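Residue numbering restarts at 1 for every chain, and letters A, B, ... go by the order of the sequence lines. These figures come from a predicted structure and were not determined experimentally.
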Amino acid sequence: MTALAQTPALTAAAYKSDYRPVWCPGCGHYSVLSSLTKALAELGLQRENVAVISGIGCSSRIPAYTSVYGFHSVHGRALPVATGLKVARPDLTVVVAGGDGDGYSIGGNHFLHACRRNVDLTYLVMDNQVYGMTKGQASPTTPADWDRSKLTPHGTGVSPFHPLAVALAAGANFIARCYAGDPNGTARVITEAVRHPGFSMVQILSQCVTYQPSQKEWKTTVRKADVTTTRDAVRAARWLMADDGLSTGVLYIGHRPIYRPELQASCSVDDLESGFVV
Amino acid sequence: MTALAQTPALTAAAYKSDYRPVWCPGCGHYSVLSSLTKALAELGLQRENVAVISGIGCSSRIPAYTSVYGFHSVHGRALPVATGLKVARPDLTVVVAGGDGDGYSIGGNHFLHACRRNVDLTYLVMDNQVYGMTKGQASPTTPADWDRSKLTPHGTGVSPFHPLAVALAAGANFIARCYAGDPNGTARVITEAVRHPGFSMVQILSQCVTYQPSQKEWKTTVRKADVTTTRDAVRAARWLMADDGLSTGVLYIGHRPIYRPELQASCSVDDLESGFVV
Amino acid sequence: MTDDVKDANRIDSVELFLAHALTLENEAADGYQEIGDSMAVHNNPEVAGLFLQMCKYGRMHADEVRELATGLDLPHIPPWEYSWEDGESPESASMDKMHYMMQPAQALALAMKAERQAHAFYAGVAASTANPRVRELAQQFAAEESEHVRLLGEWIAKYPPADDNWDYDPDPPAMPE
Amino acid sequence: MSGDTVSIAISGAGGAGVMTAAQMLLDAAAKAGFYGLMARSSGPQIRGGEVAAFLRLGSRPVECLDDRFDVMVALDWLNVERFAGEIVLDGASVVLCDADAGEAPERIRASGAQLVPLPLQETVKNLPGGRMNMLGLGLLTGLTGLPEDVVGGVVAKGLKKRGQEVLDAGLAGVRAGMALVAASEVPACRLGSSPPAVAPRWNISGNEAAGLGCIRGGIRFVAAYPITPATEILEWLAPSLEKVGGVLVQAEDELASINMIIGGSFGGTPALTATSGPGLALMMESIGLAVASETPIVVIDVMRGGPSTGIPTKSEQSDLNIALYGLHGDAPHIVTAARSIADCQFTAQWSVHLAEQLQVPVIVLTDQSLGQSRAIVDRPADLAFIGRREMPVAGVTGYQRYALTASGVSPMAIPGIPGGEYIADGLEHAVSGRPSSGNEDHSAQLDKRARKLELFDYGDHWADVEGDGPLAIVTLGSCSGPVREACARAKALGIATRLISLRLLAPAQEDRFAKALEGADRVLVVEQTHSKQFYRYLRAHYDLPRDLKVLSRPGPLPIRPGEVFDCIKAWS
Amino acid sequence: MSGDTVSIAISGAGGAGVMTAAQMLLDAAAKAGFYGLMARSSGPQIRGGEVAAFLRLGSRPVECLDDRFDVMVALDWLNVERFAGEIVLDGASVVLCDADAGEAPERIRASGAQLVPLPLQETVKNLPGGRMNMLGLGLLTGLTGLPEDVVGGVVAKGLKKRGQEVLDAGLAGVRAGMALVAASEVPACRLGSSPPAVAPRWNISGNEAAGLGCIRGGIRFVAAYPITPATEILEWLAPSLEKVGGVLVQAEDELASINMIIGGSFGGTPALTATSGPGLALMMESIGLAVASETPIVVIDVMRGGPSTGIPTKSEQSDLNIALYGLHGDAPHIVTAARSIADCQFTAQWSVHLAEQLQVPVIVLTDQSLGQSRAIVDRPADLAFIGRREMPVAGVTGYQRYALTASGVSPMAIPGIPGGEYIADGLEHAVSGRPSSGNEDHSAQLDKRARKLELFDYGDHWADVEGDGPLAIVTLGSCSGPVREACARAKALGIATRLISLRLLAPAQEDRFAKALEGADRVLVVEQTHSKQFYRYLRAHYDLPRDLKVLSRPGPLPIRPGEVFDCIKAWS
Ligand SMILES: Cc1ncc(C[n+]2csc(CCOP(=O)(O)OP(=O)(O)O)c2C)c(N)n1
Ligand SMILES: Cc1ncc(C[n+]2csc(CCOP(=O)(O)OP(=O)(O)O)c2C)c(N)n1
Ligand code: SF4
Ligand code: SF4
Ligand SMILES: [Mg+2]
Ligand SMILES: [Mg+2]
């Protein structure tokens, strides 16, 4: 049991804003919002001490639907914004949320380096294998033969990106996959991810009903992983390279040191001058 | 035998320009230049049909020291420049060369996507675990406790980047490590990499005598990998995750499809108008 | 470092031997040239001069070998398949020992090492080959290399050894980009 | 009706089929020999959001929306207030709406427009498979007097792939709509007589026109990252390039796309990317590389509301500054602006030609209101602009990539040409291409890169200059349509103006501008920005009369001809 | 000797210790009560390249190099031609060189300077552990008449960590150099008498001064990616921030660094990054985000030669355009420029204050010649500028992040303040922060973001205005030093000028500028760009007299006081 012993101060609903999502009815992102707010309630966090940071995309609209602090930044840059915030304000709980396009395509470099740097952030990638916001182009996780975008009329011809394998190779220490169709399971993983010190990577399969209608099948194909969480990177690598992308659970927890500079003054600003005096 | 049956038309020296490198004497990059020109000779390529593309850094100066076509572009962008060139001109042999800073730090996103896209390029990363050109700051591959840069006076505190593990996870199909101290061995791997269809990732340990003088020890610590080339991604992943970064050889060859759009006209430009006629 | 451990140095045909000798001398000359140029670029004219001089000798030797090979059809050997002891041609003074402030004595010591390796290579071939003509040529080349070693020894004696602080550069490096 | 055109707004919630009906109306008008323009506006939802289509049809080419609407067809009232600013109605307007949809919103009622409630929902319910939008199309067929068979033909073409049943229902809906109008007291809003179509006409959007211009100019390699409102250029180009032996690569981001096209162009293939403000901002460093390495590329920026993510679906001209000045260092390049939907083709094609001729990056500015609107236009004349790069011959000796020529243009070798081997460089270089930080080399290369743009003869294409009145109206891009129309209205009142609509923004054409301005004593600058960017640019480069006014407004509402006309009138 | 200063160039190959000797000379001059400036130039090699140090010492503050050099000490002639353009010599100059180093290069001989060959190598060889640079230092000690004990003290401090033997050899070298000069016929080049040091003096580089200004202004979070010539700001800041409870993060690229500081500032910590042209270009999209989301940040751009990678080690002012105009959309922000090495501190500190006060990004322009040069300056007065953000109180109800206030500045909540929860957004938004594409919201937010910059009282810091002559010289940044000196020379000839050196470039200060220009009938604009960027900017925003000249030249050679003076004289 990882849950709080006592009853949380705020209900999940209290973490939602009164601004109604513009998401398509049926979009998986609704469930992610619900899982996130449940997790925040479970963690018993004060609203003012939480920040949700995102980039641009349908998924990246999520901060506005919460009642905590947040930043809806620019496409692909959620992770550095969050990194700056967390390093400067280690007292806050910082959740980063966005899409597969935002996170693996334009934001790929920050993804690599966030895994490696290991700042205490929780990263929720609402992966629908498509750019929802811009009318359905292929994203890095789109299957190679998906030919429904005019930009890639015969499919991308490119093997899809495997975010968790890359996260592991890049040094991530908490690696999980969830499914938006299982909001309580997802809430639980988010709760664990926030509690995990350092960077936590949570891929959430979150269907795009508009541009990837076949993702409705996830209801039947997504399943719990047939392994328990490993703490061995070599085993995790072996497992992830063979994984079909549909099994859920916390797949790996590592123990690399976290990046958290001390912010403790040891001298006054005036003292800095001494180096210049002739 | 992977060599040409007949004697190459041009000697290795013929692929060098008469512009003398500004590299520090002792720099590993000299050997890489020599390996590259030997490989080009061995491949029997015409100078005008080869292009060497780089970003910015000491290593990225390499195109100017060759006598083929080349582009010394901007920091971190060698791979997309090369990708555009190769897709538009599939008849050319395109080699991309640069440093660990150029390739894994600012260029990390293109690295990920080049591995995945699998355009027929050969990527030589002259890895010296430091930013040589800008006076020796930590790069992604710098050990976490390296404290010789003023920007990270107590070390980076961040686990080093594992380029080959990331390349594999990102989908690369030819993965090799070489050592500048073994120029003929490196020439051989470059030759194989160029012959390999699709994207080939070649990490070359190339010492920076000025900012990483301890890399002189590579002479004794670098060794041939104790495995033969595998074609099994799962095995490769397991092996790479446990690897210490000092073993050389062609470590993995995969078989994902390459990206090479056909450039065949099927109609005239005038025909395109028909879609607009009222 | 080699990929294939071979029966090192065992060379039984004249063509194969001359191919090795030619590459050895060419690479020696190319290497000296590169180092000499690099020293010139780094404002060490004295050492540059020494290496460029060595390069000249190397080119002469290569010409000699080429002459011997006239009429013969030398095989093409990929760089990594030569029968060198450690994968690299024996007379290449490796760039990684270089320093922009190195002094002549140090430079010559490196050249000496290369010449000794070349000698060892030829002597090794002479000792192991089954072909008398190869043995004859190898012995001749080995003798030449020992002569180089002797000459270099005399040359070195003319320079004082490098002082303790030879590589001390009080200034910080430049940052060209 | 403003003169000879009819302006129509159709609104409704997503799913009602507003856009389909509007497109069919435009098609039908075109088939019937009319010109027209169609723009759109929608809510932030991906699907199911409120949508409005704005049409203006007439017997002469239409370059902009009118000040107001003659007719509004409201399929429902859901969230229609969103469009309050865009659907300008007045006492002469007619609003057809559903009798059962409840009261019209306050702003519509306050406009004074004549509200005509009709039993829309009820009629649709009684038609098997009936749909609101087909009924709406019928209403407008009846009102405008478009021939029923032409409309029917368009409907048939549009619905035939959905099967006979759907098609029959559609046609029945149209007929029912026409019947409703016929039975009502609604004042008609007829489209005069259709002019004889001399030349073939096209139905094209600005984004498609830009794509076509690029391919005609020689573009065969495109790398891009999707972004609103530029994506349709890419959507048109991807399959079209394939047909003509080119290719479009979807890149991982804009940094990749700009550098991919630099690589493609280095390889000798004319290359392009298209984006909008945020993407353009990411490309600036590498556009500078194209300047320094003298690699021709074309970058189309379909402007949207800024700053930052701003208002992606709305038009503005506020990327002017970044396009002109957004490169670090002294980085001369070309900036062009398309003046109308059809002109997107001309300007794009000309821009490819300039890029290739001058080995320079060209930034082509269009905007959302051009790119995402469609117009019925005369088929444009064929243009002779084709990108042609000066190249050295094979086997050239002593080749110097950055040789100092009189024109400033140096022959550019492409891989495959023996003897032409060189290293393109973004570091300052000597004529050979080798890095140099020397004073002479820096000055010589800066001079040559500036010179090639200054000496080139851009001919008459630099601007459209019309009229010779003492009041000059200087404008650019999508403001040109409203300005031209305002000038026509002024002329009708006997006020002589002159229109100067710039197609070439940079390099500045001092002499040509001075000549165009000769005899004008007053200048009115019209642009769609908040900070008067165009006016500041003009001031920086051109001598302007003291007597000067600026009509500058940010998006999202377009500049209307009436606004410009009011300015002219007030100043005459 | 120009009036009361002595100008000295020292050259030699890497390893000879030119920089160390030059720095010791500067230190010694400072200890002896003199002011001074030291700049450097070097070849493209990382190590072992040719290096030249340029010093100017005097009894009054020195803000720029002189037109020419009084003394050159050439430790060898290796590749010294590289500096031909920089080391201006004439008949009155003296060149001390090694008698055994062969003939001096043509350009040096042709200068007419008096060549004084001395047995340098020979002397060094005879000193155990002797080094050329210490001998050179000795030569200059002798020539300038700096007290031997002061020089000795500096040498001792510099070499003591290397052990007594090295120190002794160093001191012996200095003495030997002094002896060589004493024994020769070289004309002395004495440094007058040293002025009494009223206040403590500092030896500081522009990059260090900028760093100090930032910390004084309140910066406690820095994220950056190394780039020449900005890296030394970061090198100074990393350990210094740590001492005062802040932190510097080395980011993976400039896209990360700019967004990290936006995140840090969103969290309430004043935040900064420093970069140069190529890095700035990559940051533009996100600087726009800071504008739209009203997040205060400071970006220092240490300008170098452009375009593209350009000339990283040389100075130029050609990033002016991108700093002013490089953002997409209408994105009002602040641009400041530091006028001298010492002013880097003032301008940086003031910029932090402005950013925090106005919740806006501030781009601070300095350049390589300020950043990487060192000067002896009077300790700057303490400044009252500290970043202070307006914030709502904890427990606030109905908080609206982007409320429309009269000043345009809205209280900014930071995480941790209950009741202040809001979502910062780069999409256009309503006062609450919620996305809005509405016309009213867009206009209101554009207005407020412009208003807050327009209404703020920047006081006298916007520019340095000196003199009231009829010829106004308008300049910026590192050109201010040479201009000021030219004005002084003109004054000595009885020519009255006025200097207007802008510290605040944007927003433009129309009224203040007009006032500063009152009574001036001619304007000379001085800047270091190829395309007259500053002049174009002035034209765009200010009313300038018709009688106007521009002295504009690209890098890499600095603008010299004499050039400016010649312009003034020719025009008087
Ligand atoms: C610099 C930049 N480039 C492109 C865009 C256009 N854009 C907005 S969202 C998006 C893709 C979003 O996809 P994803 O992150 O997967 O989110 P989803 O909509 O699928 O939830 C793109 C390409 C942009 N806003 N900014
Ligand atoms: C956009 C941009 N940012 C920063 C720089 C500065 N810069 C030039 S080279 C370099 C690092 C080079 O390191 P690496 O790629 O490892 O090459 P090395 O010099 O070690 O061979 C940096 C940071 C730049 N030129 N452009
Ligand atoms: S387009 Fe797809 S991702 Fe976007 S809101 Fe609709 S269903 Fe969700
Ligand atoms: S600084 Fe390092 S990487 Fe650069 S040339 Fe010198 S040794 Fe090589
Ligand atoms: Mg997505
Ligand atoms: Mg490196």
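Looking only at heavy-atom pairs under 4.5 Å with chain E, the residue among A:P261, A:G70, A:G275 that has the most is A:G70. Ranked by heavy-atom pairs under 4.5 Å with chain A, the list E:I258, E:I417, E:I215 is led by E:I417. Chain A forms the most heavy-atom pairs under 4.5 Å with one residue out of E:G246, E:A292, E:G264, and that residue is E:G264. For the options E:P239, E:G288, E:G426, E:A256, heavy-atom pairs under 4.5 Å to chain A are most numerous at E:A256. The residue among A:V22, A:V277, A:I53 with the most heavy atom pairs within less than 4.5 Å of chain E is A:V277.
Of the atoms belonging to E:L26, not a single heavy atom falls under 4.5 Å from chain A. For a residue to count as touching a neighbouring chain, one of its non-hydrogen atoms must lie under 4.5 Å from one of that chain's; by this rule A:L263 touches chain E with backbone and side chain alike. Heavy atoms closer than 4.5 Å to chain A are found in both the backbone and the side chain of E:A413. Of the two parts of A:V269, the backbone and the side chain both hold a non-hydrogen atom closer than 4.5 Å to a non-hydrogen atom of chain E.
Qualifying ring-ring contact (aromatic ring centres under 6.0 Å, His included) partners for A:H196, counting only residues two or more places apart in sequence or in other chains: A:F174.
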Quiz prompt | E:L289 and A:F71: CA distance, side-chain angles, deciding distance, side-chain contact (heavy atoms from CB on, under 4.5 Å) verdict | solution = CA-CA 11 Å; E:L289 173 63; A:F71 209 129; 3.9 Å; yes
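Residue A:V68 comes nearest to E:I423 through the heavy atom pair O-CD1, 3.6 Å, listed as atom of the first residue, atom of the second, then distance. Closest of all the heavy-atom pairs between E:V244 and A:C267 is CG1-O, 3.8 Å. Of all heavy-atom pairs between A:A51 and E:F266, the closest is CB-CE2, 4.4 Å.
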Hey, can you dump all donor-acceptor pairs under 3.5 Å between chain A and chain E, distances included?
from   : atom 1 : to     : atom 2 : distance (Å)
A:D18  : OD1    : E:R434 : NH2    : 2.5
A:E48  : N      : E:E421 : OE2    : 3.4
A:E48  : O      : E:G416 : N      : 2.7
A:Y69  : OH     : E:I414 : O      : 3.0
A:Y69  : OH     : E:I417 : O      : 2.7
A:G70  : N      : E:Y422 : O      : 3.0
A:G70  : O      : E:A424 : N      : 2.9
A:H72  : N      : E:A424 : O      : 2.8
A:H72  : O      : E:G426 : N      : 3.4
A:H72  : ND1    : E:D425 : OD1    : 3.0
A:H72  : ND1    : E:D425 : OD2    : 3.0
A:R89  : NH1    : E:G267 : O      : 2.9
A:R89  : NH1    : E:P415 : O      : 2.9
A:R89  : NH2    : E:P415 : O      : 3.0
A:N109 : ND2    : E:D253 : OD2    : 3.2
A:H110 : ND1    : E:E252 : OE2    : 3.0
A:R117 : NH1    : E:E252 : OE1    : 3.3
A:R117 : NH2    : E:E252 : OE1    : 2.7
A:S266 : N      : E:K243 : O      : 2.6
A:S266 : OG     : E:K243 : O      : 3.4
A:C267 : N      : E:K243 : O      : 3.0
A:D270 : OD1    : E:R216 : NH1    : 3.3
A:D270 : OD1    : E:R216 : NH2    : 2.7
A:E273 : OE1    : E:R379 : NE     : 3.0
A:E273 : OE1    : E:R379 : NH2    : 3.3
A:E273 : OE2    : E:R216 : NH2    : 2.4
A:E273 : OE2    : E:R379 : NH2    : 2.8
A:F276 : O      : E:N203 : N      : 2.8
A:V278 : N      : E:R201 : O      : 2.9

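One finds the CD1 atom of E:I261 at 13.5 Å from the CG atom of A:L85 (value rounded to the nearest 0.5 Å).
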